[in-house]
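What follows is a short report on a single structure.
For this chain, numbers begin at 1 and follow the sequence in order. Any value given below was found using the heavy atoms of this structure, including those in side chains, with hydrogens, waters and symmetry copies removed.
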Amino acid sequence: RLVAAEAATAPASVQEEDDTLLLLFLCCHPSLTPGSAIPLTLRAVGGLSTAEIARAFLVPEATMAQRIIRAKARIRASGVPFAMPPPGERAARLRSVLHVLYLMFNEGYTTSSGPSLQRVDLSDEAIRLARTLTGAMPQDGEVAGLLALMLLTDARRPARVDPDGELVPLPEQDRSRWDRGRIAEGLDVLRRLTTAGPLGEYGVQAAIAAVHDQAPSADATDWPRIEALYAHLEEMTGSAVVTLNRAVAVAMVHGPAAGLAMIDGVVDRFGPSHRPEAVRAHLLEMAGDRQGASAHYRAAARRATSIPERRYLTMRAARLAERPEA
């Protein structure tokens, strides 16, 4: 309510801009660090619950609730008026805005909890806002990189669930169902980015998505290229999530043992997340350790808060347990 009230009193010139885009920048307030501004924006603009935001940041829900409360209090105490930042300050807030859109899209593409795998309204809104930002800042490579990433990823959405609503992993998806229009648009944005200079972190992620989208089949995927891109992204970000994704690519190129060794180095950074267990199970399955894979799929299922993901992990565990060891 605080943010909405301040937005309503903004000058007429500001009110002419996209209301939601304005609200994004308002939440990325100069008195807040990105670690506080992003959760506040996800609550005010994205409509995410505190629990959903906490899972996105890999922290307990109570910790995130206090962070959001403190962010609101800091805004009230700052006395700085709400308004779109002047041109000289927009770059400083833009990184937080992009991170917000990235997390909004991810929550829409794979919901962190509840009965549905996807929240299409949320991912569509993130794409719409990214388009708006790209139109407002056409020279900013990271804005365009984020748009390309969203388009190239969202293009696979129609094939991610079967007729019963069950999750279909990427290698098993019917690629004829992928949205070729979004792939073409995303590739066009990415091509313009690569000719303009080095890619930022969103551009590198878009390049990874492009390799997947251009592969005619799972077996024909250029995994060495993906592994190299993840290695570059890991150097740029130091992100444990990137390392976990890179572990899969390393396993595809160098074997599952190499990927499993990488997981061991970052598993403690994920808190209660089910993802390290799920990736470990997948790599153990690749290595032929069906018993170990089944156990880790079950462990991942116990931690998963998304019902479709929990069902998928439970199903994988059961199928492996039914098969005898070779």
Subject >> Euclidean distance, R131 CZ relative to E185 CD, rounded to 0.5 Å >> reply: 4.0 Å

**OP:** Go through the steps for E61 and T50 under the test side chain to side chain donor-acceptor pair (under 3.5 Å), then give the verdict.
**Re:** CA-CA 6 Å; E61 181 177 353; T50 303; 5.5 Å; no

Subject >> Residue pair T195, R191: steps toward the side chain to side chain donor-acceptor pair (under 3.5 Å) verdict >> reply: CA-CA 6 Å; T195 59; R191 273 191 291 267; over 6 Å; no

**OP:** Give a yes or no on whether the backbone of R275 and the side-chain of S273 come within a donor-acceptor separation of less than 3.5 Å.
**Re:** yes

Subject >> R310 side-chain N/O to A304 backbone N/O, donor-acceptor pair under 3.5 Å >> reply: yes

Original post:
Quick one: does L187's side chain get under 4.5 Å of I183's, heavy atoms only?
Top reply: yes

Original post:
Short question: side chain of R43, backbone of L48 - any donor-acceptor pair under 3.5 Å?
Top reply: yes

Original post:
Between E277 and Y297, do the side chains contain an N or O donor and an N or O acceptor separated by less than 3.5 Å?
Top reply: no

**OP:** State, yes or no, whether a side-chain contact exists between M150 and R182 at a heavy-atom distance under 4.5 Å.
**Re:** no

Subject >> Distance in Å, R128 CZ paired with D121 CG, rounded so as to fall on 0.5 Å steps >> reply: 12.5 Å

**OP:** Kindly indicate whether a cation-pi arrangement holds for R160 with Y109, taking the cut-offs as under 6.0 Å to the six-membered ring centre and within 45° of the axis.
**Re:** yes

Original post:
So do the side chains of I127 and L151 get within less than 4.5 Å of each other, counting heavy atoms only?
Top reply: yes

Original post:
When rounded to the nearest 0.5 angstrom, what is the spacing between CG in L147 and OG1 in T134?
Top reply: 4.5 Å

**OP:** Indicate yes or no: does D179 engage R157 in a salt bridge with an N to O separation below 4.0 Å.
**Re:** no

Original post:
What distance do R156 atom CZ and D174 atom CG have between them, rounded to the nearest 0.5 Å?
Top reply: 14.0 Å

Original post:
Should we count CZ of R175 as having more than 12 external heavy atoms under 6.0 Å?
Top reply: yes

Subject >> Joint cluster assignment, V204 & L193, ILVMFWY side-chain distance < 4.5 Å >> reply: yes

Original post:
Hey, is the main chain of L233 close enough, under 3.5 Å, to the side chain of T237 for a donor-acceptor pair?
Top reply: yes

Subject >> Between R119 and S123, a side-chain donor and acceptor under 3.5 Å >> reply: no

**OP:** Give a yes or no on whether the backbone of N106 and the side-chain of T110 come within a donor-acceptor separation of less than 3.5 Å.
**Re:** no

Subject >> Polar side chain donor-acceptor pair, D219 to S217, under 3.5 angstrom >> reply: no

Original post:
For the residue pair W223 and H212, does the interplanar ring angle fall in the parallel (under 30°), tilted (30 to 60°) or perpendicular (over 60°) class?
Top reply: perpendicular

Subject >> Partner of E107 under side chain to side chain donor-acceptor pair (under 3.5 Å), chosen from S49, S112, S113 >> reply: S112

Original post:
How many angstroms lie between CE in M286 and CG in L260, if you round to the nearest 0.5 Å?
Top reply: 9.0 Å

Original post:
Charged N to carboxylate O under 4.0 angstrom, R316 versus E285?
Top reply: yes

Original post:
Taking the side chain as C-beta and beyond, is there a heavy-atom pair between Y230 and R225 under 4.5 Å?
Top reply: no

Original post:
Any link between V241 and V267 through a network of hydrophobic side chains (Ile, Leu, Val, Met, Phe, Trp, Tyr) touching at under 4.5 Å?
Top reply: no

Original post:
Could you give the distance from OG1 (T111) to CG (L122), rounded to the nearest 0.5 Å?
Top reply: 10.0 Å

